[in-house]
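Structure, as C-alpha cells:
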Amino acid sequence: MKLKLTFNSLDCRAIVIELQKIQGARINQIYDIDNKTYLLKLNKTNSEKVVLLIESGIRIHLTKCDWPKSSAPSGFTMKLRKHISNKRMTYIRQLGTDRIIDMQFGTGEVAFHIILELYSRGNIILTDYLFKIVSLLRPFVDGDSHNYAVQETYPINRIKDKTVMSAINIQQIISSSKRSMTIAKALLPHFDFGSSLMEHALIKANFDPETKMKYFSDEAYKNLVKELMVAGELMMELSNRGSKGYVIYETEIINDNESHHMFEFSPCLFIQHEKFKNKCFDSFNEAVDEYFSKVESQKIELKIFEQEKEAMKKVNKIREDQSSRLEELSSKQQHNKKKAELIMTNANVVNQAINILRSAIASQMTWRSIKDLVAEATRCNDSVASLISSIKLEINQISMRLSDPFAESNLDQEFTEVDLDLSLSAYANAKRYYDDKKHAALKEKKTLESQKKALKSAENKARETLKTIKTQVTISKTRKIFWFEKFYWFISSENYLIIGGRDQKQNEIIVKRYMKAGDLYVHADVQGASSIIIKNPSGKPVPPRTLDEAGLMAVCFSNAWSSKILFNAWWVYHNQVSKTAPSGEYLVTGSFMIRGQKNYLLPQHLQLGFSFLFKVDESSVHRHLNERKIKMSEDNSLEPNDTNIAPEEDDSVSIVDDDELVSDASSKPSATTQDSESLFIESQILPESPSLITNMDKLSLSQECNPMDINEEQEEVAGPSFMDYDIDSDDEHNLSKKIVSTNSESSQKSEPHLKDSKYKRGQKSRQKKIKEKYKDQDEEEKQLRMSILKSAGTSKVAEKKNRRNQNKKNDKNYSPKVEKNENSKAFPTLQGNSIEPIVIIKNSPMNEKSDDEDERKYDETAVESNELDMLHSLTGIPHEDDEILFALPIVAPYTSILNNKYKVKMIPGMTKRGKAGRAALDMFLRSKDCTPRERDVMKSVNDQLISRNFPGKVKILIPQSKKK
C-alpha cells in the first residue's frame, strides 16, 4: 500500500473539529523543527499545556511527542514570535472546503492570522487583521497571476465553497473526461471528499476505482450518485460531532519477528480497510500524532544510518588507500630488485650497447641516423642491437629487453624491459635500481608505522562528525515532568522525597509553597548551601539515615564541594522556619528566621552518586513496594546508623551514651577517643517535638580533646536545662536522679575498660602533656575546680534524693504532678532504652505557630497516598518483566543508591559536569546487564538533564564490581 503523508479534505474537517478545544489558549513559545515544521506551545485556561504542530503542505495536530528542535530559531520563527507571542487563539476554522486552515490570535486591530495551506507544495502565511500578508514561508505567483508576497492581501474571496453534485453533473464529468483516466481520478477534483472517502463510495457503488473511463449504464449512474450523496452526508456528520481515529497497518514477518507497517490514518474505517489490521484511538488527533511520530522516527533512523554509512565510507576509503599504497611499494621493490639483478647478469651486453650508442653520439650522428643504425643491425640479427627495444635520446636513455641467461631452457626465459641511463655504466644502472628498492622499502616501513595513526585519526574524525550530525533517533512521547524536577531532589534510602533549591528564589519557593506540616527543614552554615526539605506527609518519625542523607545533600550543594571541606548540617521542624524578621530588620529572598534550637548532624565525606530511576507502569509497581524501606532492628526500633543530631540551644536536656560519660579529669583519654561516634545517641525524630540529644556543636570530636573539657561542656548544656520547665520539685529530683544515676553507672562500667585499653597513636604523648600541665595541682584544688565546672558528678545527698524519687515513681499509684496549661505538652525523650514523658518548655518555639502555617494546611492523607504511590513507581532495580515508561537521572548521596542497578560514585574533582555525565551514561549503556528497553530509555534522556544536578566539577569512581 502507498504511504499516506498528507491531509485530505476529510482529515482537515475532522482535525479542525477537535482543535476547537484549544480556542482561548495563549501562545507561550514557538519553535521550528525544520524549515517547514513548527511547534506552537500554548497554555490553556486550566493551566494545561498543549503543543500544536503545523507542517506546511502536510499536517496540523496536537502532539504529545518530544520532537527535536532546531538549535537556533529561523527568521520566520522570529517573525511569528514577534507578532503572536502571548496572544490568545480566538478561533480556528477551515476556509470553505479547501485544505486551508485559518487560526486567529488576538482580537480587533491587533489580531493576526496564521493561514496554513495543506495542498500542493503548501505554505504558512502570517497576516494582520485585514489579511494583509506580514510574512510567509514561500512567496510565489498563482496561476492566474495573483501574487503571494509581503504587503499583498490574501485572497479570502477565492476560497472554494461546498459543491452539490447531481446525476447530470456526474454524467457530464464522466463523459467529458479522457478515456485514459480512471474514474476515481476523474471525479476527485470535483468533490471535497478526499481519496479515501471517494474510493469507499466507488466500492459501495460496485465501481472499481481503477476502472478506465467508458460508457456506464443508467443503473450504475444511479448507484454512484446515491453513494456519493451518502459520502457527502458523512462529511456533514463529521463536521458536527467529530470522530475517532484509526491507523491502518499491515503485518510483516522479519527474522521471525512480527513488525507493523503503518501506511494510512483516517477518521473513519472504510471498506477498503477491512482486509488490513487497524488500531483505534479515542480521537483523530491521537491517531495522527502516533502515525506521524512513527513515520518520522523511521525517516530519522534512515537518515542517521545514511550519515553513519557516509562517515564510515571515508574511513574505509582511507584504509583501502593505505593497503593499495603498501601493495604498490612492495611491488615496486620486487620490480627494482629484478631489474637490478638482470642488469648484473647481462652486464657485458648492457655495456656493449651503451658504448655503441655513446660512440655514435660522439661521432655527431643525428638521432635519426642512430635509430636507423640500430634498426639495420637488428635486421642483421645482431645480438646486442636485437635487445634494444627503444631509444630515448631526449632523456639520454635506452630500453633493453633483458632475460636471465642462466635459465634452463628458452621456454623459461621471460624478457623484462629495463630503462638504462647512457651516462652510467651497467653496474651504476644496477646500483640505481637497488637504491630505488631501498627507498621503497623505507617508505613501506614508514607507511606501516603511520597506518595505525592515520586510521585512528580518521575514525576519530568520523566519530566527531557523527556527533555533530547526530539527531534524536526516536521521537518518543513527552513524559510527564514531576513537580520536584525543577529543584535538586532525590529519594532517600527509606523512601522519603527530599528536595532542595537551586538558588535563592527556589529556596523561597520550596519553603513557602512546598514545606507542609510534618516536613523537616535541613540546612548547613556554609556559603551557597541549599535549603533542603524532607517531605514527610505521614507525620511519622523521620529515620536518622534519611536525616544524614539530607544533611549531606545540603553540604554538597554548596561551596563546600569546590573547597573540599567538611561542614556540619542541621535540621529543624517546619514551624521553626519563619519569614518574619525581628523588629527593625528584614530578610532578603531565600533567607529565613529559625526560631528555637538547631539539631546538628555529624559531618560526612563529600560523596554523591549518579544513577537512573526507571518509571514503571502501574501493573509493575507491586514488584518494587519494599525496595526502599526503614530498616528495623530486632526490637522493632529504628536500626542505629553512624551519625546523629544535636540541639544547638541550651534550653533542653543533653543526653549522652552511658559508656562515654567521664567523671574524673584524670581518666585515660582513650575513653573519649576510642569511638567518637558513640558520643551521640541514636534517636527517633518526632515532627512535633524537639530532640533531646547531645549538642554536637559543643562537643569536640577530636582525638586530642581533654576529657575534663568534655565534662565541662556537658554540664554547661545540662545545667540550665531544668530552669524553664514548669514542673514541681519532686519531678525535678526524679529527672535529676535519672540522669545522674546514668552518669555514675556509666563511669563505673567504663573504668575497667579504660584501664585495660591501650593508647592509640599520639595519645601517650598527649597524656604526658596533660600530666605536665596539672602536675602542681593537688587533689583538693582539683575537686574544687571540678565542683565549680559542674563536672564532678552529683553529691551523695542528691543521689539519695534521686533514689527516693525513683522509688516513688516505681510505685504504681505514683503520678507526677504537672502544671496544666495551654502551652504545655508532653513528648517522649530517649533515656537509656526506655522512653519517658517530659513536659515541653513554656513559650517554646515548637508550640508557637509559624507565620506561614496557615498557608501550609493541606489534606495530609491525600498527599501522602499520592506521593507514596509516585515514589514506588520509580525504581533503580528494574525487573525483566517490568513495563518501563522512561528513565530519570538522579544525583543523590551514594548510600541512597547503593542497591541501584546503574550507579557511579562522585567526589570533588576536575572533570566538567557534561563530560562526566556522558562518561557515566556510556558506561551504563555498555553494561552487559543492560536490556534493550533500558538502553533505549537511557539514551533518550537529554544530555543537559543528565548533568543538570551535578554539584560542580567531579571525579567519577566506578564500583569495583563494574570493573571486572
Any sub-3.5 Å donor-acceptor pair from [X]'s side-chain atoms to [Y]'s backbone N or O?
{"X": "S70", "Y": "A72", "result": "no"}
{"X": "S530", "Y": "G501", "result": "yes"}
{"X": "S896", "Y": "A892", "result": "no"}
{"X": "N900", "Y": "Y902", "result": "no"}
{"X": "N460", "Y": "K456", "result": "yes"}

Under the side-chain hydrogen bond (donor to acceptor under 3.5 Å, both in side chains) test, residues paired with [X] that sit two or more places apart:
{"X": "E485", "value": "R479"}
{"X": "Q607", "value": "none"}
{"X": "T911", "value": "none"}

Going through the distances and angles, do T546 and S492 end up as a side chain to side chain donor-acceptor pair (under 3.5 Å)?
-> CA-CA 6 Å; T546 296; S492 74; 3.3 Å; yes

Check whether the side chains of E618 and S873 place a donor and an acceptor atom closer than 3.5 Å, and report yes or no.
-> no

Are S619 and D617 close enough that a side-chain donor and a side-chain acceptor fall under 3.5 Å?
-> yes

Working for salt bridge (Lys or Arg N to Asp or Glu O under 4.0 Å), residues E508 and R513 | CA-CA 8 Å; E508 191 91 7; R513 188 181 302 174; over 6 Å; no

Could you state the interatomic distance from [atom1] ([X]) to [atom2] ([Y]), rounded to the nearest 0.5 Å?
{"X": "I491", "Y": "I897", "atom1": "CD1", "atom2": "CD1", "result": "12.0 Å"}
{"X": "L62", "Y": "K64", "atom1": "CG", "atom2": "NZ", "result": "9.0 Å"}
{"X": "S611", "Y": "K901", "atom1": "OG", "atom2": "NZ", "result": "11.5 Å"}
{"X": "I890", "Y": "I946", "atom1": "CD1", "atom2": "CD1", "result": "14.0 Å"}

Could you name each residue pair satisfying salt bridge (Lys or Arg N to Asp or Glu O under 4.0 Å) that touches [range], not counting sequence neighbours?
{"range": "residues 549-575", "result": "R545-E549"}
{"range": "residues 946-957", "result": "none"}
{"range": "residues 871-898", "result": "R623-D882"}

Got more than 12 heavy atoms from elsewhere within 6.0 Å of NE2, H605?
-> no

Identify, with sequence neighbours excluded, every residue that meets ring-ring contact (aromatic ring centres under 6.0 Å, His included) alongside F557.
->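 Applying ring-ring contact (aromatic ring centres under 6.0 Å, His included) to F557 gives Y488.
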
At their closest point, which heavy atom of N599 faces which heavy atom of V572, and how far apart are they?
->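 Of all heavy-atom pairs spanning N599 and V572, the closest is ND2-CA, 4.4 Å.
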
Is the distance between the ring centroids of W483 and Y514 less than 6.0 Å?
-> yes

Per-pair distances, 0.1 Å, donor-acceptor, side chain in residues 912-920, under 3.5 Å, sequence neighbours excluded:
{"residue": "R913", "atom": "NH1", "partner": "F950", "partner atom": "O", "Å": "3.3"}

Listed partners of [X] passing side chain to side chain contact (heavy atoms under 4.5 Å, CB included), at least two apart:
{"X": "S531", "answer": "N507, I510, Y521, H523, F592"}
{"X": "L566", "answer": "P603, L606"}
{"X": "Q506", "answer": "K486, F487, R502, D503"}
{"X": "L552", "answer": "C556, Q604, P893"}

